[in-house]
Amino acid sequence: MRQSRTGSITIAALTLTMTGVLNSAAKAADPAPSKGELIAIAGDCAGCHANPDGSSEYSGGFAFATPMGTIIARNITSDPETGIGDWTYEEFDAALRRGKSKTLGNLYPAMPYTSYRNMSDDDVRALYDYVMKEVAPQKNEIAKTSFGFPFLRVAVFGWNIPFASSGREPDPKVTDPQLRRGDYLVNVLGHCGECHTTRGILFQTKSSSAHLAGAVVGGWYAPNITSSAAGVGDWSDEQLKQFLRRGKNKKAVAGGDMGLAVRMSLAKLPESDLDAIIAYLRSTEPDDANPVVPVATNVAPLDIAAVESVNASFNDYIDTGSTDGAALYQAACASCHGADGALDDGGGPNLTLNSSVRAPNPTNVVQAINAGVELRSMDRRHLMPPFGSELSPKQIAAVATYVRQRFGGIEGVVRESEVNAIISGRAGIPWLLLNARWLAGLGIAALIVAAIAGFRTIRGKGAQGS
Amino acid sequence: MADYDADVIIVGAGGLGAMVAIEAARAGKSVIMLEAGPEIPDWKVIQNWRTSARKENTVDPYGDFPWAPNSYTKGYMNADTDLKRLPNTARVVGGTARHWTGITWRFLPEDFKLKSLRGVGRDWPIDYEELEPFYTDAEYAMGVCGLESDDQSGVHGGAPYPPRSKPFPQEPEAKPYAVQRLQMRVASKGMRIIHSPTARATKNYDGRPACIGNNLCEPACPINAKYSGLMAVDKARAAGVELRSEVVVDRLEKDAAGKITSISYQTRYGKRKTLKARAYVVAGHGYETPKLMLMNELANRSGMVGRNLMVHVGLMTWMQADEPIWFGRGQYSHGSFVNRRIGPHQSTSAGFTMGPWNTNFTAETANQLLDQKMIGSKLDAAIKHNSSRMLGNLVLTEDLADPGNFVSLNAGWKDQLGLPGINLRYKIADYTKACLPNIMNDTANLAQAMGVSVPPTHLYWMTHNHIMGTVMMGDNPADSVVDRNLRCHDHENLFLVSTAVYPSSTSFNPTLTGYALAIRAGRYIAAEL
């Protein structure tokens, strides 16, 4: 980067506006990625396994907080001690497609082996070769992930019996090569359904019903991406490609894990693969679930004087307790999004068009306000700073309500409790899992009571008999 | 040994105090920061500004509190001066480095040797080379954008200057149309605008979004593209520093050897608390730092505490070009003319710099036209015509240390806690006035190049919000307050970290150098403990 920059500096004094052009021209073309690397990219391995310090795409260490516990992504470089350099092909395959780790035992299904299980042998082999031969070994000792009771690894064994094969298989009836490729990219390598398909009561991915029709997971809402107008049916190919490539178009911005997926995976895919994904999404069964509301066309201009009140005393300067969504929006948000929500280009995005604002639930609006959005793609960066440290959950609820009502035309109020559930990541997690700890405790207690009762009965009977 | 509440106690949670705190905390020291002002989040500052009826006061959104008066508080500053307005300060968590413009020029090697090279003012006890690594660290902490190929001295033949050990952390922003037009047209006069380094994200930097040209660098960037002192405070807290706000330090006790033994503050409600530390740092900027020393009769063997006030006298000229140039798009400052910055002329007249001040002049234009009794559609058309052509040119002149310019205690005024006000005396020096002919020449050339036909307005001396000199740094305890490490000559465990330690002012903004000194002091103090 520095190199291309110094090249441009010499004439920058007079033609600074050309800097961007010069930079892109000077960028050296990367050598074409190997087959194995392309699979790693399409599989979005780096989305989870990249080192958070940016030093390596595969040396792990990122901690994913879930209501069940914190999962730390493993080091999957070829380092034999701290990575997987001493794994055989068979061991690698077992982890990838069956969730059986050589070192850890049963993997938690955060590793999408239920999707990867449908990878072709050729691809698994190519990926193995890539990891062992091309990925530089990086020493990075990762602390073992251990969830508390009852989410022990041994419990995953039981979960695997019905659910290990729950990932959706590519449709064998499809013959068109582009659609077949798209199906494979979406459902197998890209494991899109892990987020976009709603999960069952034990968090298993559902393979048939509601496929890609939207779900809340990981604290964010992954919207309906089927061919229905409730999904991406009314997006143009151009808009879809723009989103997949850059994480942003007029209608949507990729926040949360989708931002990572764009940055680590989708932005780097070859053009033909993006075309295949788009063709496949267009061919999906339209599911009208979770529709976004139509773009509001009647956003009334703001009467700023009605929203902003003048400070009367010095105490007003430090009174930060306002829960007036309109006033908070005007102070914290309008400088980028505009008083009427419609600024784009530079600032933005335009909230009246944004699909998160128009979504059936406020999850992503709340998360964007709370955690911010940092989106990096090949040539662009977008950043919305987090406001979670400056605004209380109650204030976030007020801003989210205002944004959805005024720019989305959505009636209804976002409640503080809803904001708390979203921020804590508890939203979208099945009730059984959220309550598993005491349920399991209760179950065990019941077993013990039953055992004691049984023992007594037997003893009693014995005593009677003796 | 006495028990300590912390290894280091820092008075003043502004940018400089926070940088000391960060360095000490990262070295494993326990740190408490004490701040008189309250904590106000950025969104609230923007709200306060938008609803303020006092737009001429750029620290107004940071409040004016009965327990922490500032330069705008009625009666607080008893001034004897020919300046139209006093340099201001914000008393708030994050300090005056929240309302700054973000301009971050380094001083030049020559600036540190004013006395030896030009025979006026004072030399610094340290030189550029010694400070250079800390300049670099300060630039990376703030995310400064700049063009390292520029000759920032104007006298080194266009070769890159001053020397740097690392490139700027960020590339310059795209040039607004106004600056492009200016550069093209003033070239005919042999004048050149070079890029102004600023602590502003041009790409996303350290969690800050890139500037989108809100054109509100003061009093606060509404999207935090501009670096703010509050960011340093947040980083300090993340490093484990304890912050107490709305507490006003008024007492420091010392032992017979001059060592500070305790520090004591009042809460805004007048409750007193005393703390002990191994080292004490006062980072209260150029008014409050000397005030606290004078109130406690500290550090003043030389009699120089509060003296040598330097303020950067300036001139702001408005003129109307012969074409629409649309000032007010982009950031406040993009570049400067630096050819009068340093040189032999400094022996007799102040060095100065000037540059386009890229704000929107609509309100001012409207006022001018209303004064001419213009109304109706004619007024609308004239506002559009004039304001699109209006350009501002801001001059900043070098100031010399003169003990006759000072701040002192004003016992005749008391704040809510019973603490005194400040007397201020400042007279514009002949040395400053001597550069006026050159300012006029350069301004005339600029006006001619831009086809200005209406006489420029607002040609009067004003001041920048830069306060320097009042706790002077030097090797000689007889004529300075702190030594080269910012330690008080009179007190081995008391350090004053402020732009008020500058022996000379130079003709550029002081903040970056303050940050470099603060980082250096923080490491020095941590290493010594």
Side-chain angles (χ1 to χ4, degrees), chain A residues 1-2 5-6 8-20 23 304-305 307-322 327-337 343 345-348 372-376 380-387 389-391 395 399, chain B residues 37-53 60-68 92 147-150 158 160 167 171-175 177 179-180 183-184 187 192-195 201 203-205 207-214 216 221-225 234 245-246:
Chain A
M1 210 176 83
R2 303 279 344 155
R5 186 179 155 192
T6 26
S8 68
I9 275 169
T10 45
I11 54 165
L14 288 173
T15 55
L16 204 72
T17 43
M18 289 202 40
T19 310
N23 271 343
I304 288 176
V307 169
E308 298 186 326
S309 57
V310 174
N311 289 331
S313 82
F314 69 83
N315 279 318
D316 292 343
Y317 281 81
I318 44 179
D319 178 1
T320 54
S322 167
L328 289 170
Y329 176 89
Q330 199 54 27
C333 320
S335 294
C336 283
H337 297 286
L343 268 190
D345 225 20
V373 174
E374 185 167 13
L375 175 63
R376 298 186 205 177
R380 280 176 178 231
R381 288 173 167 214
H382 299 277
L383 190 147
M384 164 155 169
F387 286 85
S389 58
E390 287 189 15
L391 300 177
Q395 288 174 312
V399 176
Chain B
E39 190 163 359
I40 312 181
D42 291 308
W43 69 265
K44 185 67 186 175
V45 169
I46 295 302
Q47 188 175 68
N48 291 342
W49 172 247
R50 291 180 52 85
T51 56
S52 170
D60 183 71
Y62 298 100
D64 176 357
F65 308 98
W67 68 91
V92 65
L147 204 53
E148 50 269 4
S149 59
D150 271 337
E171 296 175 37
E173 68 283 357
K175 269 183 212 178
Y177 178 72
V179 176
Q180 293 177 36
Q183 284 188 323
M184 282 181 183
R192 189 158 176 262
I193 302 174
I194 65 163
H195 180 261
K203 289 215 168 71
N204 300 339
Y205 189 89
R208 288 148 55 196
C211 176
I212 56 169
N214 285 86
L216 190 65
C221 174
I223 68 165
N224 268 336
D234 286 339
S245 60
E246 302 183 20

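The figures here come from the full heavy-atom set of this structure, side chains too, leaving out hydrogens, waters and symmetry mates. To find a chain, count down the sequence lines: A is the first, B the second, and so on, and within it residues start at 1.
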- [ ] Give, as side chain, backbone, both or neither, the part of B:Asp42 having an atom under 4.5 angstrom from any heavy atom of chain A.
- [x]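 For B:Asp42, the contact with chain A is made by backbone and side chain together.
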Under 4.5 Å heavy-atom distance to chain B, tell me which part of [X] shows up: side chain, backbone, both or neither.
{"X": "A:Ser309", "answer": "backbone"}
{"X": "A:Asn315", "answer": "side chain"}
{"X": "A:Ala305", "answer": "neither"}

When you measure from the side chain of B:Gln180 to the backbone of B:Lys175, do you find a donor-acceptor pair of N or O atoms at a distance under 3.5 Å?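 Answer holds: yes.
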Within the distance-only criterion (no hydrogens, no angle test), does the side chain of B:Lys44 pair as donor or acceptor with the backbone N or O of A:Ile318 below 3.5 angstrom?
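No, because the side chain of B:Lys44 does not come within donor-acceptor range (under 3.5 Å) of the backbone of A:Ile318.
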**Heavy-atom closest contact (B:Tyr205 atom, B:Ala201 atom, distance)** =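 Heavy-atom minimum between the residues: CB-CB, 4.1 Å.
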Minimum heavy-atom separation for B:Glu246 and B:Pro38, please, with both atom names.
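Looks like OE2-CB, 3.2 Å.
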Among A:Asp316, A:Asp319, A:Thr320, which has the most heavy-atom pairs under 4.5 Å with chain B?
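Top count of heavy-atom pairs under 4.5 Å with chain B: A:Thr320.
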Option that, when pairs with chain A are counted at under 4.5 Å, heavy atom only, ranks first among [options]:
{"options": "B:Glu39, B:Gln47, B:Arg50", "value": "B:Arg50"}
{"options": "B:Ile212, B:Asn48, B:Val92", "value": "B:Asn48"}
{"options": "B:Ala53, B:Pro61, B:Gly213", "value": "B:Pro61"}

Residues that B:Arg208 engages under side-chain hydrogen bond (donor to acceptor under 3.5 Å, both in side chains), provided they are two or more places apart
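Applying side-chain hydrogen bond (donor to acceptor under 3.5 Å, both in side chains) to B:Arg208 gives none.
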side-chain hydrogen bond (donor to acceptor under 3.5 Å, both in side chains) involving B:Asn204 - partner list, sequence neighbours excluded: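 With neighbours one apart ignored, the set is empty.
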